[in-house]
There are 2 protein chains.
Amino acid sequence: MGGAVHEGASERGETMAESKAEASRGRGTDRVLDILDFLAARGTPCTVPEICVGISSPRSTTYLLIERLEARGYLEKVDNSAYQLGRSVAVLGKVAMKHLDFARFIRAAVQQLAADADQLAEFVALDSWKQLVLMAAVARRPSYLLSAEGSRHPLPRTASSRFLLRDFGRQEILDNIDERDYVLRDGSVMTPDAFIASIESARDSDVFALHGQVDPHLACIASPVLNAEGRCLATMSLVVPLVDFEGRFDFYADHTRRMAKAVSEQLSLIPAGREDILGLLLKARTD
Amino acid sequence: MGGAVHEGASERGETMAESKAEASRGRGTDRVLDILDFLAARGTPCTVPEICVGISSPRSTTYLLIERLEARGYLEKVDNSAYQLGRSVAVLGKVAMKHLDFARFIRAAVQQLAADADQLAEFVALDSWKQLVLMAAVARRPSYLLSAEGSRHPLPRTASSRFLLRDFGRQEILDNIDERDYVLRDGSVMTPDAFIASIESARDSDVFALHGQVDPHLACIASPVLNAEGRCLATMSLVVPLVDFEGRFDFYADHTRRMAKAVSEQLSLIPAGREDILGLLLKARTD
DNA sequence: GGACTTAGTCCAATATATTGGATTTGTCCA
DNA sequence: TGGACAAATCCAATATATTGGACTAAGTCC
C-alpha cells in the first residue's frame, strides 16, 4: 500500500477529481484504537497534529477523541501539548500480562522445536548489528554446541541474518557491519556485495540454510518471525551437525518454518521499527 | 455515588417508572473503553452476556464492539466464548510502562514524606489480613525504628488498618483477624467490637492517629490512598516518637494527608477489589 | 511589529453507528 | 427426540457522532 500512483492525463485528471470520491466516515472506535496503537508504535510523546497525520484522521475528531481518552486516563499530557499512553493503559497491560506470558510461549516454542528436530534450537534477534541469541534449547541428547542465550555472532555467518536484515537498506547494512564480521569461520572472506545478494535471494523464502559458515561441521537453518505487516522481528533457527543434515533439509525446514509461524502469530502486533518491545515482552516476569 | 437510595412511596414509584427515561444512546468509544476496563477489573475471562450486564450495554452493540476489539488483538477468546484482554493490550501496557514508573513515583512520595516530616514514612497495604509495609523511608536522621519494607503487623495495632479495613464487612473482619492480633504492645487486649468501632470512627476522616499501640514510645499517623471510587487501596503513614508528636499533630497530619492524596491520584484507576494490581505495578522493572 | 504558519476551537449538516426486538442457532436435560 | 432456555445474529429506524471548514489564538520569522 502507498505505492506511487500513475497520474492520469491532466485533462482526465480534472474529470476524475470531479468524481465525488465520497470518502467514507471513519469510526470512532477504530480511531481510538488507532491513536493508542500509533502512540505505542512511536514510543515517544506526540502532539495532536502529529497524531492526526499519523493515523490520517481529521483534526476535529482527533481532538475530541484524545480529550476523551485523556479523561479516562488512557492518555496523558506531557510538557505542554504532547500526549503519551497513560496510566490506564499501564494497568490494563499489567492485567493482560497475567494471562499472556510471551516469554513462556516463545520458550516453549523453542523447546518444542529442539525436541521435534532433536537439535539445538534458537530464537534469534538483531541487536547492535550482531545476531543475538535470545533463547536457546538443546534437544535431549547432550550437545557439544557452543551457542548459548545471550551470545552474539557476526551477521554474515548466520542464516538468520538473511531475514533480520531484510528490511534495511543496502547502505545502512554496509555502514553498520564491521568489516571483520565478513571473515567466515574457515578464514575465507565474504564480500559485502555477496552478503547483500544473499539477503536478497532469501527475501521471498521462508527458510534459509547455511552449511559450514558458523562451524565447518554445522549447518544452520532459519525461518523468519514476522509481524502483521510482514516485517521480520526475529527468527527461529536450528543448528544441526552436517552429518545429520545431509538429505534431511525438508525435515528440518518444515519444523523450523512451523515454529516460526506459531511464534509470528504471537508477536504479529509488534509494530515495525519497535523491536525493542520484543525485549520488554521477554523480560516480563508475571508473578 | 452508589449510596443507598431512598425509595419513593410505592405508588409514586410506578409513576416515576412511567416517565419516559429516554435513555440516550451510548457512545462506541466509551463502550470500548468500558469493556477493557471491565475485563481488567474482573481479571478473569468473561462471556459476552457477562460483559453486557457488567457495563450495562445492549447485546447487539456489545457483540459488535467485541468483534472489533478481537480483530485488533485487544481481546482474545479463550475456551469457547469467554474473552480476556489480548496481546495488543499487553504490548500497549509495556510501552506505557516505559514512561510510567509507579514504583518510582510512590517511592519518591514516601521519601518526600519522610524528608518533610523528618520521620519514618511508610507506604502500607493489606496482605493476608496483616498490615504489610510495601515501602519505607527514613528521614535523614538515623532511626532506631524497626519498621522495614516487607514487615507485617497485626492490624488492630496500626493506624493504617482503620482505613485498609474500611470496605470490609464486620463479619469478614471478625472471621479473618487472628485473636492474638488483638493483644496490643502493652499487653492489654482490644475487643473486636472496639476495633470495629474504631474503624467506623475513622470512616469520614482522612487521617487517623494512634499513640503508643505499636510501641509505647511511638505515635502512628495514617492517611488513606483511594481509588477513583473512594475505595482504600493503601495508606501513607508516619511513625513518630511520642516526644516529637506532642502538639504537632496538625503538622504531621498535613504532610501525611498531602502525600496520600498525591499517591491517590497516581493509583486512582485501580479498580476496587483488584488491589493485587498494586503489587504488580510496584514490581514493575521498566528497563 | 506585521505577515505568515501552526495549533486549537466551534458549529451545523448528514452519513452512519447504535439500538430494540425479531430471528436463528446452540445447549442442556427430561 | 423434543422442549425450553440462553446465546448469538440480523435488521430497519433514528439519534448522534463525525466531519469540513470557518474562525480564533499562538507562535515564528524576517
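For clarity, every value in this text was computed on a predicted model and none was experimentally measured.
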Please list each protein N or O that sits under 3.5 Å from an N or O in nucleotides 20-22 of chain C, with the distance.
| from | atom 1 | to | atom 2 | distance (Å) |
| --- | --- | --- | --- | --- |
| C/dG20 | N7 | B/Ser60 | OG | 3.1 |
| C/dG20 | O6 | B/Ser60 | OG | 2.9 |

If I take atom [atom1] in residue [X] and atom [atom2] in nucleotide [N], what distance separates them, rounded to the nearest angstrom?
X       : N      : atom1 : atom2 : answer
A/Ile51 : C/dT6  : CD1   : P     : 18 Å
A/Leu65 : D/dT18 : CG    : C1'   : 9 Å
A/Glu67 : C/dT9  : CD    : P     : 8 Å
A/Arg68 : D/dA17 : CZ    : C1'   : 7 Å
A/Glu70 : C/dG8  : CD    : P     : 12 Å
B/Ile66 : D/dT9  : CD1   : P     : 11 Å
A/Asp30 : D/dA17 : CG    : P     : 16 Å
A/Leu64 : D/dT16 : CG    : P     : 15 Å

Output yes when a side-chain donor or acceptor of [X] lies under 3.5 Å from a complementary backbone atom of [Y], and no otherwise.
X        : Y        : result
A/Ser57  : A/Thr62  : no
B/Thr29  : A/Thr29  : no
B/Arg203 : B/Arg166 : yes
A/Gln84  : A/Gly43  : no

Item to check | Residue A/Val48, side-chain atoms from C-beta onward, closest of D/dA8, D/dT18, C/dG8 | outcome: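 The closest nucleotide is C/dG8.
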Checklist entry - What about A/Arg25, does its side chain sit under 3.5 Å from the base of C/dA17 through a donor-acceptor pair? => result no
Item to check | Below 4.0 Å: OP1/OP2 of C/dA17 and any side-chain N or O of A/Thr29 | outcome: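 Indeed not, no polar side-chain atom of A/Thr29 lies that close.
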Next on the checklist: For C/dG8 and A/Tyr63 - does any side-chain N or O of the residue sit under 4.0 Å from the phosphate oxygens OP1/OP2?
Outcome noted: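 So the side chain of A/Tyr63 is within the cut-off, an N or O lying under 4.0 Å from OP1 or OP2 of C/dG8.
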Between [X] and [Y], does any side-chain donor sit less than 3.5 Å from a side-chain acceptor?
X        : Y        : value
B/Ser81  : B/Thr47  : no
B/Gln112 : B/Asp116 : yes
B/Gln171 : B/Asp175 : yes

Item to check | Axial bend angle, the helix from C/dG1-D/dC30 to C/dA30-D/dT1: five-pair end segments, nearest 10° | outcome: 50°
Item to check | Electrostatic pair A/Arg31:A/Asp34 at N-O distance under 4.0 angstrom | outcome: no
Checklist outcome for this item: side-chain hydrogen bond (donor to acceptor under 3.5 Å, both in side chains) pairs touching residues 264-275 of chain A, sequence neighbours excluded, are A/Arg274-A/Asp276
Next on the checklist: Using a heavy-atom cut-off of 4.0 Å across all strands, would you classify B/Thr47 as base, sugar-phosphate, or nothing?
Outcome noted: nothing
